[in-house]
Peer 1: 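Structure incoming, see below.
This structure is a prediction, so every number in the text was calculated from the model and none was measured. Convention: sequence-line order gives letters A, B, ...; per-chain numbering from 1.
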There are 2 protein chains.
Amino acid sequence: MLESPRRTEPREPAITRQHVTNPSPIDADEPWMRGLHADTGYLLYRLGLRSGQLFNTFLQESGLRLRHYAVLRFLAGSDGALQRELSTRLGYDPSAIVGLVDDLEKLGFAERRPSPDDRRSRIVVLTTEGRAFLRDTDEAGLRVTNDLLGPLDPAEREALHGLLLRIAGDGLG
Amino acid sequence: MLESPRRTEPREPAITRQHVTNPSPIDADEPWMRGLHADTGYLLYRLGLRSGQLFNTFLQESGLRLRHYAVLRFLAGSDGALQRELSTRLGYDPSAIVGLVDDLEKLGFAERRPSPDDRRSRIVVLTTEGRAFLRDTDEAGLRVTNDLLGPLDPAEREALHGLLLRIAGDGLG
DNA sequence: AGCAATAATTGTTAACGTCAATAGTTGTTG
DNA sequence: CAACAACTATTGACGTTAACAATTATTGCT
């Protein structure tokens, strides 16, 4: 086993505000690209990054980030969720959820309510304002997707969506 | 425009070592999921995250991170690249490249060589050890991809890869 | 009643991206 | 050809962030 280059655990922060140094266009025909993007997994990672960037750029107008959006989206489909639930389902650390919900509460998009059965837990619910906000930003999401999927025709987009759903649907989450 | 919740620019660090709190399996049939994963862009982001996680888990045995891998991969297809080139093509800050190449050099996977034409630039080249390492980790990459693309049959994987390449190939980079 | 387990939270630490500044070098142009 | 603008790699400082440990309050078990 090799020594860690910087004596630390691997980590991979990804999305940045504007990405000052923007990656130049990816050209699949270039020789280095064949190697770099030969693997679907890595390709997926790279595109996920780009998608997140675009999403964040749109979201940034509202002062929220992708993580907030994920929480809101989750809440929208589950009227009321324990923070613990948000943590496990979304894959964020419990301590991260605290800040996220704090932010959403400050903006009036969500509320913490006491749980009737368990006084330790708080139930996080979406406010009507939060729901309205979500509706608005969904349009932004559509624009992003449109940007991202530029070169694909509708049928191909549908196919891609289906395939991605298949992948997501499996045990990997 | 709303006020930023934490008076800071949006950012979205993504990949973590093991992701202690691992997202539970995504089930497209659940009500909240329909909303959350309805959008292809967001779905792509989420899947990219997961792919990166898996990749990093494999890479972590060697003490490297995805970024190092990206650099190595680039070098493998371009025998010799200026750091500036790495920066623009990979989308990392020039100052980040310095540390990355430092690490790779320390591990003996890459070398800095003086450029004949321009004494400012250094040419970064892959060593034979670096190439060997890359070959080894490529297997890991294959395993990752295999994990990730579990529910898809070969034809579907091919289709997905093609679609993703189309997206990557366009001007978005 | 006592003790392990759990939910939310706080605090600490280390890493990371961003930006500004610097040193060395090249190209340009007045 | 000399002065100056542009560029490469690098360093340093700053603020933000994620990850982890520890804490508090509460519940369940036995």
Peer 1: Please pick, from C:dT25, D:dT27, D:dT10, the nucleotide with the shortest atom-to-atom distance to any side-chain atom of A:R120.
Peer 2: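 Selected nucleotide (nearest to the side chain): D:dT27.
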
Peer 1: Can you measure B:Q83 atom CD to C:dT25 atom C1' for me and round it to whole angstrom units?
Peer 2: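 Spelled out: CD on B:Q83 to C1' on C:dT25 is 15 Å.
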
Peer 1: Check whether A:T127 reaches the backbone of A:F109 with its side chain - one donor and one acceptor, N or O, closer than 3.5 Å.
Peer 2: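 The answer is yes, because a donor-acceptor pair under 3.5 Å joins these two groups.
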
Peer 1: Provide, to the nearest angstrom, the distance between the CZ atom belonging to A:R113 and the C1' atom belonging to C:dA8.
Peer 2: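 After rounding, the gap between these two atoms is 18 Å.
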
Peer 1: For the pair A:R73 and A:D138, find out whether any cationic side-chain nitrogen is under 4.0 Å from an anionic carboxylate oxygen.
Peer 2: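 A salt bridge links A:R73 with A:D138.
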
Peer 1: Between A:N56 (CG) and D:dT16 (P), how many Å, whole number?
Peer 2: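 Distance, rounded to whole Å: 16 Å.
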
Peer 1: Out of C:dT9, C:dT18, C:dT26, which nucleotide sits closest to the side chain of B:R119?
Peer 2: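 Output: C:dT26.
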
Peer 1: Indicate yes or no for a side-chain donor-acceptor contact from A:R166 to the backbone of B:P151 under 3.5 Å, with no hydrogens or angles considered.
Peer 2: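 Checking the backbone N and O of B:P151 against the side chain of A:R166, a donor-acceptor pair under 3.5 Å is found.
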
Peer 1: In whole Å, what is the span from the CD atom of B:E105 to the P atom of D:dT10?
Peer 2: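 From B:E105 CD to D:dT10 P: 9 Å.
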
Peer 1: Is A:R67 near enough to D:dT17 that one of its side-chain N or O atoms lies under 4.0 angstrom from OP1 or OP2?
Peer 2: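 For D:dT17, OP1/OP2 do not have a side-chain N/O of A:R67 under 4.0 Å.
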
Peer 1: Between A:A96 and A:S121, which residue's closest nucleotide on DNA chain C lies nearer the 5′ terminus?
Peer 2: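 Residue closer to the 5' terminus by nearest nucleotide: A:S121.
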
Peer 1: Looking only at the side chain of B:V98 (C-beta and beyond, no hydrogens), which of the listed nucleotides C:dT18, D:dT10, D:dT27 gets closest?
Peer 2: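 Closest nucleotide among those given: D:dT10.
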
Peer 1: Return yes if a side-chain donor-acceptor contact under 3.5 Å exists between A:R157 and A:N146, otherwise no.
Peer 2: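 A donor-acceptor contact under 3.5 Å links the two side chains.
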
Peer 1: Side chain of A:R65, heavy atoms from C-beta onward: which of C:dT10, D:dT17, C:dT26 has the nearest atom to it?
Peer 2: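 For A:R65, the side-chain atoms sit closest to D:dT17.
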
Peer 1: Roughly, in whole Å, what's the span from CG in A:D93 to P in C:dA15?
Peer 2: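 Whole-Å distance recorded here is 18 Å.
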
Peer 1: Specify the separation, in whole Å, of atom CD1 of B:I97 and atom C1' of D:dT11.
Peer 2: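 For the pair B:I97 CD1 and D:dT11 C1', the rounded distance is 16 Å.
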
Peer 1: What is the distance from CG of A:L64 to P of D:dT17, rounded to the nearest Å?
Peer 2: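 After rounding, the gap between these two atoms is 13 Å.
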
Peer 1: Would you kindly compare A:D118 and A:S95 by the position of their nearest DNA chain D nucleotide and give the one closer to the 5′ end?
Peer 2: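 It is A:S95, whose closest nucleotide lies nearer the 5' terminus.
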
Peer 1: If you define the side chain from C-beta out and look only at heavy atoms, does anything of B:L163 sit under 4.5 Å from B:I167?
Peer 2: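 No, their side chains stay 4.5 Å or more apart.
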
Peer 1: In whole angstrom, give the distance that lies between atom CG of A:L66 and atom C1' of D:dT17.
Peer 2: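 Nearest whole value for this atom pair: 15 Å.
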
Peer 1: Picking from C:dA8, D:dT11, C:dA15, which would you name as closest to the side chain of A:R112?
Peer 2: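 That would be C:dA8.
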
